[in-house]
Amino acid sequence: MKKNVLRSISAMLMISVCTAMIGCSDDDEKKEETPTLYTRLGGIDAISTVVDDFLTNVVADTEINDKFEATVADSYRTQLLRANLIDQICAGAGGPCSYKGKSMKEAHAGMGISTVEFNALVGDLVKALDKNSVPTAEKNELLAVLGPMKADIVED
Amino acid sequence: MKMLKVTTMLLVAGILTLFSYANLRVRSEGEKQKSVELTSFLLTGNLDSVALYTLEKKIQSTKGVRSCSINARGKAACVIYYKDMISESSVASLLTEGSISKVTKKDLSATRGGCPVHQLGASFNRFMTLLDVRTQ
Ligand code: HEM
């Protein structure tokens with residue numbers, strides 16, 4: 001009787017260990033199947049290249065560049081904005097970064113940004129993504145991460 | 001005399017604390033990137049957008065240049081580059097080509113700080129960067 005109980009306990013233990021192992025390997029496979037957006041974008045170097053192209057597009061864009069004059073006038077301020085944008089995109093794409101900047105509401109408060117200006121800036125980002133041949137799926141995924149921020153940025 | 005000693009000690013302790021913070025703080029991936037220079041230019045001339053697209057690509061592939069964007073309609077350009085690899089005047093002369101007859105750096109000297117909150121953040125960042133030996 002005792003032997004039987006022991007046998008069934010060890011059988012149950014074996015089954016649960018096997019199930020756990022199968023479960024784990026299944027998870028790993030799934031992770032390998034779908035790399036994060038960060039990986040698909042090409043990691044931190046690719047993101048910083050996109051951010052630089054995005055920034056030059058914005059500063060050359062006469063529809064919105066007056067809003068960035070104070071930033072461009074101070075190279076440390078430009079540096080800080082660049083670092084924050086890199087971290088924000090990296091973190092939003094599931095990369096190993098933490099965004100240390102202000103919340104979008106706080107960062108854009110009182111700037112009077114309109115929907116037209118917001119769309120112009122998004123257009124500059126799309127141009128930067130296209131310049132770097134980012135595929136449509138990844139481009140849309142990134143825009144879907146940033147799009148909902150509109151409510152905190154636009155004031156019209 | 002005792003007062004002077006205490007004040008000096010407090011000052012030294014304060015400076016040491018700031019120096020340690022600047023050098024031991026965990027820098028974000030964005031902060032770890034090599035620092036760049038961004039310059040905004042105004043262009044004069046009869047600008048042809050196809051030629052400018054070719055010029056933009058040519059400048060972009062120049063050593064030391066990270067990014068170049070030329071806006072033919074707005075007659076504006078912006079270049080991001082590494083200061084230790086290429087100078088601002090070299091970047092400006094790269095832009096002076098073909099239909100562009102004159103390139104001037106956009107004068108932002110009259111721009112007053114903008115939003116004070118952003119200015120404060122940038123000043124703190126400037127101070128930490130100066131103290132941080134990792135960024136030298
Ligand atoms: C999805 C859209 C946008 C995103 C993701 C975004 C992101 C950011 C981030 C991360 C910062 C830095 C925050 C900090 O300093 O802690 C910032 C600052 C700023 N943004 Fe935006 N932004 C967006 C739209 C806009 C638009 C449409 C404009 C104006 C047309 C704008 C103008 C500015 C300005 C002027 C600053 C201050 C830069 C400085 O520190 O000097 N942003 N933004």
Side-chain angles (χ1 to χ4, degrees), chain A residues 38 43-45 47-91 95-102 106-112 120 124 127-128 131-132, chain B residues 25-43 52 56-57 59-60 65-83 105-130 135:
Chain A
Y38 169 81
I44 198 72
D45 290 340
I47 289 175
S48 67
T49 303
V50 167
V51 167
D52 284 347
D53 287 335
F54 172 45
L55 276 175
T56 52
N57 287 342
V58 167
V59 176
D61 186 343
T62 42
E63 217 174 321
I64 52 171
N65 62 6
D66 55 330
K67 289 259 188 320
F68 291 88
E69 283 189 346
T71 312
V72 176
D74 181 333
S75 72
Y76 278 94
R77 207 160 149 173
T78 309
Q79 213 66 49
L80 190 59
L81 177 63
R82 177 181 183 245
N84 277 328
L85 287 170
I86 292 172
D87 290 333
Q88 189 183 45
I89 293 179
C90 167
C97 303
S98 55
Y99 171 64
K100 297 205 269 179
K102 301 178 190 72
E106 208 188 337
H108 301 92
M111 285 185 191
D124 291 331
K127 226 169 99 182
K131 191 171 180 177
N132 289 284
Chain B
R25 81 204 146 108
V26 179
R27 287 185 306 161
S28 69
E29 288 303 316
E31 285 172 307
K32 281 185 206 160
Q33 299 293 309
K34 183 178 173 181
S35 77
V36 292
E37 200 64 29
L38 180 150
T39 309
S40 183
F41 297 96
L42 296 175
L43 314 174
L52 289 185
E56 188 180 281
K57 283 207 146 182
I59 296 177
Q60 178 101 33
V65 173
R66 291 267 313 160
S67 177
C68 170
S69 179
I70 303 177
N71 175 356
R73 208 156 40 100
K75 300 196 169 184
C78 176
V79 184
I80 290 183
Y81 53 97
Y82 293 124
K83 221 164 54 174
K105 185 179 171 181
K106 195 171 174 182
D107 182 17
L108 298 170
S109 57
T111 312
R112 291 266 161 264
C115 166
V117 179
H118 288 282
Q119 196 55 47
L120 207 69
S123 303
F124 180 72
N125 180 54
R126 180 196 308 248
F127 190 49
M128 286 303 123
T129 310
L130 287 174
T135 58

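Note: hydrogens, waters and symmetry copies are ignored here, and every other heavy atom, side chains too, is used.
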Most contact-rich option vs chain A, by heavy-atom pairs under 4.5 angstrom, among Gln60(B), Glu37(B), Arg73(B), is Gln60(B)
Cut-off 4.5 Å, heavy atoms of chain B, and the answer for Gln79(A) is side chain
Counting heavy-atom pairs under 4.5 angstrom with chain A, the leader among Val26(B), Asn71(B), Val36(B) is Val36(B)
If one checks every heavy atom of Lys34(B) against chain A at 4.5 Å, the contacting part turns out to be backbone
Under 4.5 Å to a heavy atom of chain B? For Ala107(A) that would be both
Max heavy-atom pairs within cutoff under 4.5 Å with chain A, candidates Ser67(B), Ala77(B), Cys68(B), goes to Ser67(B)
Counting heavy-atom pairs under 4.5 Å with chain A, the top scorer among Ser28(B), Ser123(B), Ser40(B) is Ser28(B)
If one checks every heavy atom of Lys75(B) against chain A at 4.5 Å, the contacting part turns out to be neither
Okay, Ser98(A) and chain B: the region with an atom under 4.5 Å from a heavy atom over there is backbone
Bottom line for Thr71(A): the part with an atom under 4.5 Å from chain B's heavy atoms is neither
- Query: Any side-chain heavy atom of Glu31(B) sitting closer than 4.5 Å to one from Met128(B)?
  - Reply: no
Residues pairing under salt bridge (charged side-chain N to carboxylate O under 4.0 Å, His left out) where one sits in residues 49-60 of chain A, two or more places apart or in two chains, turn out to be Asp52(A)-Arg82(A), Asp52(A)-Arg66(B), Asp53(A)-Lys131(A)
Looking only at Ile86(A), Leu55(A), Thr62(A), Thr56(A), the option with the highest number of non-hydrogen pairs under 4.5 Å against chain B is Thr56(A)
### Query
Crowded around Phe127(B) CZ? As in, over 12 foreign heavy atoms under 6.0 Å?
no
In the structure I gave you, are the side-chain heavy atoms of Thr49(A) and Asn132(A) within less than 4.5 Å of one another anywhere? yes
>> Strictly under 2.5 Å separating the two SG atoms? Check that for Cys97(A) and Cys90(A), please.
In response: yes
### Message
So Tyr76(A) and Leu130(B), do their side chains get closer than 4.5 Å, heavy atoms only?
### Response
yes
Of all heavy-atom pairs linking Thr39(B) and Tyr81(B), the shortest is OG1-OH, 2.7 Å
With sequence neighbours left out, the residues meeting salt bridge (charged side-chain N to carboxylate O under 4.0 Å, His left out) with Lys102(A) are none
